There are 2 protein chains.
Amino acid sequence: MYWAGEEMTSIGSVVTGVATLSRSLSDGRRQMVGLMLPSDFIGRPGRKISPFDVVAASDVLLCTFQKRAFDTMIAQSPSLETRLLEMTLDELDSAREWMLLLGRKTAREKIASLLAIIARRDAALLKSKPLDGLRFTLPLTREAMADYLGLTIETVSRQMSALKRDRIIEMEDARRITVPDYGALLDEAGDDADGGLLE
Amino acid sequence: MYWAGEEMTSIGSVVTGVATLSRSLSDGRRQMVGLMLPSDFIGRPGRKISPFDVVAASDVLLCTFQKRAFDTMIAQSPSLETRLLEMTLDELDSAREWMLLLGRKTAREKIASLLAIIARRDAALLKSKPLDGLRFTLPLTREAMADYLGLTIETVSRQMSALKRDRIIEMEDARRITVPDYGALLDEAGDDADGGLLE
DNA sequence: CGGCAGTTTGACCAACATCAAGTTGGGTGG
DNA sequence: CCACCCAACTTGATGTTGGTCAAACTGCCG
């Protein structure tokens, strides 16, 4: 699955799986600018092209509409448009939060922030309150993490090892993570208010 | 002018001047996440608080509405909401473009990108086509540039000097810039398609 | 003539990137 | 079942970019 600057005739939302939104420089440096999780929207009402690449990070099931049909639906349903505006505003807040991370956080803080976000989303999914002792599987490769955080895979790997060494996380293997103390992880992330990305 | 996590009872748009949107880490590191220029919107319909700081970078004239009244207007005018959605989607694209800059560009590329954007905006304002030999005044201090680009003021200063030394720009004083060859500046910015921030 | 904010420049340093081997683990074919 | 393979990951040695600390310069305002 891959859309670049091509014309889009459909629009849709993720049902299952993980897709990523990214952009590259001509020499190959890549930055991920969004993670599309179930319920997230792909495509832009009112616009023909997206300036970003959409790539599946796993098998992805989409619920799609013909773009024309969707635009008509919007025109007829103000409440749908209101909802869309809200979702877009939330994404904008998330993007700005991420700008703070990319511009000002250290490698260790970046990793801790990403882990905190994924841990929180997983906890929310399971409706578990405690958060401490939470165990989850990273849905991303080291390369995807690096592209997301503006780092190299080596730095990601090293910082993961450092967090493990410092008992902030436990790693059963590269993907299976346990967070014994969610508060400690948040401290490492560097912002008192835990960044509100991905909801 | 300064709004932080406070409750907002008004909403508005910039008429003249420049305001900035930024966010800080507890230890003072700051990242600018948006530049509000004339016609840009401040505030979030449907939300009480903004998680970012709005700071005037110059004297700013705002056109404000009571938030309640504005929400009512939206509810009554679908076309207003459509326009708002469009503006928000554009801002989201800009934010994502900026994420690429923050995550993957070098200091020199960051500076060149910012200069290219400001040069282009100024040229558009003057409706001048040529772009080469364009002369303009930076609306930002070195500190604001640094906060915008995720750099320190020293690095900003050094890279400005380097671009001057390499004849990419001319500097009459710290703020008065001339771009003899817009294409050359774009090359330094690192992306073939010139990044579409700030329109 | 200070004084001061904004800027520039230099010397040095730390964080992260780069380059280069290894290691791990799951999958495939003999 | 084992041998091999390959992608993903880890680790180490070294290099570079940009940050830090410190000092000086500029232009403006009182």
Side-chain angles (χ1 to χ4, degrees), chain A residues 18 20 25 27-32 55-59 101-115 137-166 169-177 188 190, chain B residues 18 20 25 27-32 55-58 101-115 137-166 169-177 188-190:
Chain A
V18 182
T20 63
L25 294 173
D27 62 0
R29 282 173 285 172
R30 192 180 349 161
Q31 177 63 50
M32 208 183 282
V55 182
S58 67
D59 289 346
L101 177 145
L102 291 173
R104 295 302 188 192
K105 288 192 177 178
T106 64
R108 169 181 267 242
E109 288 168 340
K110 286 177 175 181
I111 299 284
S113 299
L114 180 58
L115 292 177
T137 303
L138 276 178
L140 303 170
T141 63
R142 293 288 185 264
E143 187 179 26
M145 292 173 71
D147 284 346
Y148 211 171
L149 300 170
L151 298 170
T152 59
I153 59 177
E154 292 96 331
T155 298
V156 170
S157 188
R158 270 187 258 272
Q159 294 299 335
M160 291 289 290
S161 299
L163 288 174
K164 178 183 175 188
R165 172 170 41 72
D166 299 344
I169 61 175
E170 285 152 28
M171 256 195 291
E172 188 172 316
D173 65 31
R175 303 292 199 91
R176 298 225 135 261
I177 308 293
E188 295 295 335
Chain B
V18 183
T20 63
L25 295 173
D27 63 359
R29 281 172 284 171
R30 195 184 343 166
Q31 177 63 50
M32 209 183 284
V55 181
S58 67
L101 176 145
L102 290 173
R104 294 300 188 192
K105 288 192 177 179
T106 64
R108 169 181 267 243
E109 288 168 339
K110 286 177 176 182
I111 298 283
S113 299
L114 181 58
L115 292 177
T137 303
L138 277 177
L140 304 169
T141 64
R142 294 289 187 264
E143 187 179 27
M145 292 173 71
D147 284 346
Y148 211 172
L149 301 170
L151 298 171
T152 60
I153 58 177
E154 293 95 330
T155 298
V156 170
S157 189
R158 270 187 258 273
Q159 295 299 334
M160 291 289 289
S161 298
L163 288 174
K164 178 184 174 186
R165 173 171 41 70
D166 300 343
I169 61 174
E170 285 152 28
M171 256 195 291
E172 186 173 317
D173 66 31
R175 304 291 198 92
R176 298 225 134 263
I177 309 292
E188 296 295 334

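Worth saying up front: this structure is predicted, and the values here are computed from it rather than measured.
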Exercise for the section: When you get a sec, tell me which of dG18(D), dG19(D), dT8(C) is the closest nucleotide to the side chain of Thr106(B)? Expected result: dG18(D)
Handout entry: Euclidean distance, atom CD of residue Glu172(B) to atom P of dT26(D) [Å, nearest integer]
Key = 16 Å
Handout entry: Ser161(A) vs Asp173(B), nearer the 5' end of DNA chain D by closest nucleotide
Key = Ser161(A)
Exercise for the section: Please state how far atom CG in Leu163(B) lies from atom P in dT9(C), giving the value in whole angstrom units. Expected result: 13 Å
Fill in the blank from the handout: To the nearest angstrom, the CD-P distance between Gln159(A) and dA14(C) comes to 16 Å
Problem - Note, Ile177(A) side chain near Met171(A) side chain (heavy atom, < 4.5 Å) - result: yes
Problem - Whole-Å gap separating C1' (dT17(D)) and CG (Leu151(B)) - result: 11 Å
Exercise for the section: From the options dT18(C), dT20(D), dC9(D), select the nucleotide whose nearest atom is closest to the side chain of Thr152(A). Expected result: dT18(C)
Practice task
Could you say whether Arg108(A) or Met160(B) is positioned toward the 5' end of DNA chain C, judged by the nucleotide with the nearest heavy atom to each?
Solution key: Met160(B)
Fill in the blank from the handout: Whole-Å distance, Leu140(B) CG to dG6(C) P, equals 13 Å
Exercise for the section: Using whole Å, report how far CZ of Arg158(B) lies from C1' of dG19(D). Expected result: 9 Å
Problem - Contacts of type side-chain hydrogen bond (donor to acceptor under 3.5 Å, both in side chains), residue Thr155(B), not counting sequence neighbours - result: Thr152(B)
Exercise for the section: Identify whether any heavy atom of Thr141(A) sits under 4.0 Å from a base atom; if not, whether one sits that close to sugar-phosphate; answer base, sugar-phosphate or nothing. Expected result: sugar-phosphate
Problem - Contact check, side chains of Met160(A) and Ile169(A), non-hydrogen atoms, under 4.5 Å - result: yes
Handout entry: Least distance between heavy atoms, Leu101(B) atom then Lys110(B) atom
Key = O-CE, 3.4 Å
Completion exercise
note: Lys105(A), atom NZ; dG19(D), atom P; distance rounded to Å ~ 18 Å
Handout entry: Asp59(A), CG: over 12 other non-hydrogen atoms inside 6.0 angstrom
Key = no
Problem - dT10(D) phosphate, OP1 or OP2, under 4.0 Å from Ser157(A) side-chain N/O - result: yes
Practice task
Determine whether any donor atom in the side chain of Glu154(A) lies under 3.5 Å from an acceptor atom in the base of dC16(C), or the reverse, and answer yes or no.
Solution key: no
Practice task
Could you tell me whether Arg175(B) contacts a base, only the sugar-phosphate backbone, or nothing, with contacts defined as non-hydrogen atoms closer than 4.0 Å?
Solution key: sugar-phosphate
Handout entry: Whole-Å gap separating C1' (dT7(C)) and CZ (Arg176(B))
Key = 17 Å
